[in-house]
Structure formats: structure tokens, C-alpha cells
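Here's the structure we're looking at; comments come further down.
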Amino acid sequence: MAETVPEIHGGVHRHEPPKRWIRRYVFSTDHKVIGIQYWFLALFSVFVGMALSLLMRLQLGWPGEQFGFLKTLFPNAAANGTISPEFYLSLVTMHGTIMVFFVLTTAPQGGFGNYFLPIQIGAADMAFPVLNMLSFWVTFLALAVMILAFFANMIDPDAAIGVLGPIGGWTGYAPLSAIGESAGPGQGTGVVLWVTSIALFCIASLLGALNFITTMLNLRTKGMSLARLPLTCWAWFTTAVLALLSFPVLLAAGILLLLDHLAGTSFFIPANLYIKDNVLTEHAGGSPILWQHLFWYFGHPEVYIAILPGMGLTSHILSTFARKPVFGYRVMIYAIFAIGLLGFFVWGHHMFQSGMDPRTAVAFSLITLSIGVPSAIKTFNWIGTLWGARIRFTTPMLFAVGFVSLFVSGGITGLFLGQTSVDIPLHDTYFVVGHFHLIMGVAAIFGIFAGTYFWFSKMFGKRINETMGKVHFWLTFIGVNAIFIPFHVMGMQGAPRRYSTHGNLEYLGGMAPLTKFISYAAFVTIGAQLIFLVNLIWSMTRGPKETEENPWEATTLEWTVPSPPPHDNFAGHEPVVHRGPYEFSVPNAANDFCKQTDPEPAAGD
Amino acid sequence: MGTTATTDLKVTNSGLGSSGPGPGGSDPFGSGRPKDWPPGITRDDRIEPKKYRIGMWAALASILMLFVALTSAYIVRQGTPATRPADWITIELPPVLWLNTALLIVSSLTIELSRRALKRSDYAAVKRWLSLTTLLGIGFLAGQIVAWRQLAAQGIYVSTNPHSSFFYLLTSLHGLHVLGGVLALTYVTVAALRLRIGLRRAVAVDVTAMYWHFMDGLWVYLFLLLFFWK
């Protein structure tokens, strides 16, 4: 018990890690171990989510084709080797939910944020290490329940054969998500498990957010003023504030949905709902639109929860490898704040087609478009950072530049969709799917890749292979554009999303070759991710040991400690910060950079 | 650190902290620097009252958002008097709720008294007021259960009508949070009765009081929303 005592104190300096294996690597309170746990959880989830998208592309490219391996893998759901529309919908649902929650929300914040926020601010740990451990393990439990939801038909004897999990998409719109199995297979037990998992995830995220906010406000080391914080920290902090204020709303919605399912209430179920030739008489008066409001009040900030850490990281990496200070450091912070703040007032743009009063829609539209201003500020500042620089094109730098590119191409289409008149024809088409995949999905994933290549040696003490990294980058970058830019074309032709095939829509006949092309592009891109996986495993096991503290010649505090850092980060020594975070190409300095801990030049220098 | 840290320090120095082993068996303020104190570590690193206050503010913000979301659901579901759905029947206020409300408001006063007693190191008063607050908290929870039982006896359950759904939902979510508060109160009360209020437990009293006031205010708000918002 002796080694557990200091943990009660919260973020304090400790000398030795716990001796017992289970306390050191499993139920650890060390933010670095927890960060790596989150990172591995996201890595597992991203490959699950990707495998689901592989199946979807298989179905879309070759609808109706029989695949023997599908029969073997899913004897119930794909009994004759083809993916049924319901099975396809459950793939869509699980792909979206797993990717949004367990990858995009988990890796940048729970993974990198946990690992590097305390080190970058000069703290020995998070403010509440035990809460931190809890928040990881609740996330883990949430993932387990989510995977269980996918196999709901195995544990629910009444569930119809031919489907695996819930089929309502990651948004789980009411009333079809609220009335149980009569809305379709997987909508009974499947939805109950799905929403339970999301509720658990909300609780875990709240614990995490509380910890991030307290850590950054209270545990900064001597000299680490707010204006000397790396932009990554500002991004993690803002993300935590967004999570703190938006996840409770999703939790509330989830509780109401669970009650509709299990307690016979009618929060979301209107009177006399007509489903499959039956009238549901036991419910009355509920509002399906209420679910949409609650869901998107969370859902839109969630987009920024996914992307803001990537923005912070991109600024950080661009500056490091351009060997120039971030262009407009303070403005970058204000832009992060502006995006976070405005993000709370735009949820209605997901609901233009819900019968909303046009005047309300105009208000939502104007606020939505105004997010373009801070977004453009960030983009121009990134370009300003790169302008005239002698850029070192390392793998993390490639992914950071790729992030900017995807942010621009994904963001531009946001301006289309934010206008009510343009949104009406594009609503629920592949245009929307292409838009959010580029900006929220792939851009955020590029942020995660950039972070992985940038910090790999710090986290694992081994160097990651740069050649494989560059091949991974180019294949992925070309691949995602080859997948998602054609999505926009299909959307403009009116291709509806969530259909397991467009083959029966005559007006989309001309799109069949393009659909096949997208599938091929997806297969190549997925193959490129295997290079990434091989690189990770190879570098972790056989890679050369990282002997340097600061291989990238970077400035922030994580580069002043060994790789990987000791248990209490700074070995009982408290770093003192004298400088801003991005002092590159400093005139008259010995190197072309000054670490944050380098003493200030004497007066008159 | 702000002035609060110094105030808390005074509490400990006045004798209580050193009367028993402090947190981790080595109360740094009652008995001097522990031997295993790593170099370069300051008192502020070790125990930071401010940290717990920031954490509590953040927690309260998220709890507030949970109830804000449920309030918006309530208002949407209820509609305006002109658009009120036919199935909306306001349940009759169980009279025991008046008593429960009174208990919780008084408990808010008593925890404030114990917090102030702690600041002037009046430990007899701390013990008295903390114990009373805990009892009042338990009394409130018991009273809420009585209210549920009375409604159930009238045949009013969660799914009876939308207002009863919200009543059961809001009272149980609030009750769950109060239960957490009662557990925290029990912890600090036991510590106080055993005369073990060091700096850290003084902080625990402080953040528990913040939380308790919030739960009190939240209840008054929910009470008004459920029975007086038309």
C-alpha cells in the first residue's frame, strides 16, 4: 500500500513508479501510462472502424455480389454472402460511432493530451491522477459495451437475424431509436447497449475534461505564464472546456432515450406513430426534434473537440520544422477560443431540414458562416508560418501540412452546407459525407498521425522509421483525396447517404464506375494503413533506441527530458521557464532555437 | 497561491493537524518537512487547495449543463399553455417536499456555519455543524423516498405521464448527486469527530460546502420548475 499513498495527494512529485506490475501498467495513475493506454485504445478502434468501412466499400462497389468470406465471418448477418441493407446500416452506425468517440475524441485529447499536457507545462502529473485512471477505464468499459452492441443479436434471442447492431447511424435519430425492435432489427437491445456505451463515454470524458482544465490552470511550473504556453496546451484546454459543457447535454439525451426504451416514457415518441402498418398507441406527445436539438447541441462542439487538438499540434509542428516562430501566436489562441465559443451556437445547421423556422435557420446560418473567420485566420497564420521558411520535410511535418490542406478542402465545403438554400439539395447526400470526412475525420486523423510521428520517440524511447512514414503519408494523402473528393461529385448528383446500394436509382447509373473507383482507392488507402501498423510494431520492437532528448531541435519542455521521460517527468526537479514556446531562428543565438528553459539573454545583449 | 492557502494553513498550525498523522502519515505542516521530501518541491506542490476548488467549479459547471439540458427538454415537452400536449398532467405536489426543501436549505446554512467555524478553528462548532449537516442531508434523501412512495401509492409512476416522468427523473438525478454529497459529508464528519482536520481535510470541507450549496440551489430550482413553472 505504501506506494499508493502519494496518489491521494493528486499531482505531486514522486520518485519511483509503483513496483507492482498491475499498478504500473494497468491501473496506473501515471499520466504517461494513461496517455499510452488511450493511444492504444484509439489504435485498436481505428482499425475496427476501418475494417467496417472496408465492408461498406465492398458492398457499395459490388452490390449484390456474393462473398464467401462474408458468409464465414457473419453467418447470421450475411447468410448468403451479401451485405443486407440492415447489416449495411449497422456497419454505418458502428463505423461512425467508433470513429467519432473512440478515435477522434480519444486519441488527440486522451492520448496525446494526457501524455504531453503535464510535461509541456512542467508538472509531474495531472491534477487528479486517480480520476485520470478512472476516466480511462470508464472509456475502456464504454468501448467494450459498444462492441457488445454490435453483437446484440447474439445476446438477444428475439432480435431478427440478418443484422448485427443498431441501424440508426451515429446520430441515432428519434423516434426510430426510441421505440425498440419494431423500428427495425438491432434497434432494441442494440440501441440500449449503444446509448449505454455513449453515456459511459460521456462520464469518462467529463472526468477527463475536469482534470485537463484544473491541470492547465493550476499546475504550471515557475515562469510558465499563459502567454508562454505551447499552442497544443491551449488547444487541449479549449477542447476540455467544450467537452465539459457539451458532453452533459448528450448524457441528458442518452438518459431520456434509455427511459423511453426501458421505462415506457414518451420523451421522444409522438402520439400514434405509424410504423410498419402498426400504430403505436402506448406513447404520446413526445418530440423527435428534441432529440435532434440535444444531440446536435453536443454534436457540433464535438466536431471541434475532434479537430482543435489537431490544430494546436499543427501549429506546433509547422513552427518546429519551418524553424520559425508561429505566425501570430496570440491571434492563434484567440482564434481557438472563437471557434470553440461559436461552436456552441451553430447546432441548428444540422437541422435545416427538420422543419425549422426559416428565421431561426438564417441566424444559425450566419453564425455558422462566421466560424469561417477564425478558421481562415488560422489557415493564413499557418501559411504565414511556412512563408519563406527553410522547411524540414520530416514525416510529422508532411502530416501537419497535409492537415492544413485537408482543413482547407474540407472547410470550403462547410461554407456551402452552412447556407440554408444550398443545404436543402445537398442535405443527406454524399456531399455532406465527403465534407465531414475530410474536415472532421481525415484532418483530425492527420493530426493524430502527425502527433504519433512527432512524439513516437519520446513516448516509446525508439525511433520510428521515416521512410515507411513518408510512404504512409503519400499513399494516405493521395488516397483520402481520391476517396472523398469524388464523394462531393456524387453528392451533387444527388446520391443519398446510408443507402446500401445506389444500383436501383436510375439517375445515378452514371455514377457506378466512380463508386467502384472510390472503393479501389479505399482499398489502397487501407493497405497504406497496414504500412503504418507494421512501422509501429517494427519500430517499437526493433527500432533504434532514441538516445537524444531533443532529436527535432524543438523548444518545448518535453524535449528537455529523456525519452521516455522518468516517472515524475522531471526527476524531482522543477523546470523554470524563461521563454516563449516558439523561439526559432533567434538572432545572435548559438543555435537556431532557444528552449523554453534557456535563460534569458542578459540585458543589453 | 491566494490568501485562502494561508487561512487554511493557520487552521492546521493551531494544533489540529499535528494531533494525528496527517495525510500519508506525514503531515508536512504539523510536523515539519518529512524526510522523503524530494528536493525542489514546495508546499504548494504538495497540497493545493486551489486545485480542488478549480476542479469543483469545473464539476459544477458540467452538472449544471446536465440540468440545463434536461430543463430545455422539460420546457419543450411541456409546451406553452397554448400548445400544451393533451397528455401533460401536472402531478399534485407531495406536501413532504416542503419539509425536504426546508431541510436542505437549513443544511446549507449549517455547512456554512461549519466552514466558518473551521476558519476560526472552533472545532467543537465544526463537529456540531458538520454532523447536523450530514443528518439533514440523510433526512432530505429519506424525505424524497417518502415522496416517491406517496406518489407510487396513488398509482403515479415514471411512465404515467410526462410530468411524472420528469419528476422521477429530475428527483433521482438530483438525489444521486446529493447522495454523493452525503458520502463526502460523512467522510469529513468522521474526520472531524476523530479530530483529524489537517489542511487537506479543511480543503475537503471547503469543496464539499461548495458542492452542497450548489445541490441546495439546484433543488430549489428544480422544485420551482416542476411545480411552479406554468
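Residue numbering restarts at 1 for every chain, and letters A, B, ... go by the order of the sequence lines.
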Spatial distance of atom CZ (A:Phe128) from atom OH (B:Tyr52) [nearest 0.5 Å]: 6.0 Å

Close side-chain approach of A:Leu294 and B:Ser72, heavy atoms under 4.5 Å: yes

Closest contact, heavy atoms only, B:Ser159 versus A:Gly264: CB-O, 3.3 Å

Heavy atoms from other residues, nucleotides or ligands near CD of B:Gln154 exceed 12 (cutoff 6.0 Å): yes

From A:Leu245 atom CG to B:Leu64 atom CG, the distance as rounded to the nearest 0.5 Å: 9.0 Å

B:Ser62 OG to A:Leu207 CG distance, which is reported to the nearest 0.5 Å: 8.5 Å

Atom pair NE2 (A:His283) and CG (B:Asp87), whose distance is rounded to the nearest 0.5 Å: 11.5 Å

Top contributor to chain A contacts, counting heavy-atom pairs under 4.5 Å, from B:Phe67, B:Phe166, B:Tyr168, B:Trp57: B:Phe166

Neighbour count above 12 (heavy atom, 6.0 Å) for B:Arg84 CZ: yes

Closest approach of B:Ala59 to A:Leu210 (non-hydrogen atoms, all atoms of both residues): CB-CD1, 3.6 Å

For chain A, the option from B:Val68, B:Asn161, B:Leu169 that forms the most heavy-atom pairs under 4.5 Å: B:Leu169

Euclidean distance, B:Ile54 CD1 relative to A:Leu217 CG, rounded to 0.5 Å: 5.0 Å

Main-chain N/O of A:Leu290 paired with B:Arg77 side-chain donor or acceptor, under 3.5 Å: no

Spacing of A:Phe247 atom CZ and B:Met65 atom CE [to the nearest 0.5 Å]: 12.5 Å

Over all atoms of both residues, closest heavy-atom pair of B:Gly55 and A:Thr214: CA-OG1, 3.4 Å

Considering all heavy atoms, the nearest A:Leu256-B:Ala73 contact: CD1-CB, 3.8 Å

Backbone N/O of A:Asn218 and side chain of B:Lys51: donor-acceptor pair under 3.5 Å: no

Exceeds 12 heavy-atom contacts within 6.0 angstrom, atom CH2 of B:Trp229: no

Proximal component of B:Val76, with respect to chain A [non-hydrogen, under 4.5 Å]: side chain

B:Leu173 versus chain A, the contacting section by heavy-atom distance below 4.5 Å: side chain

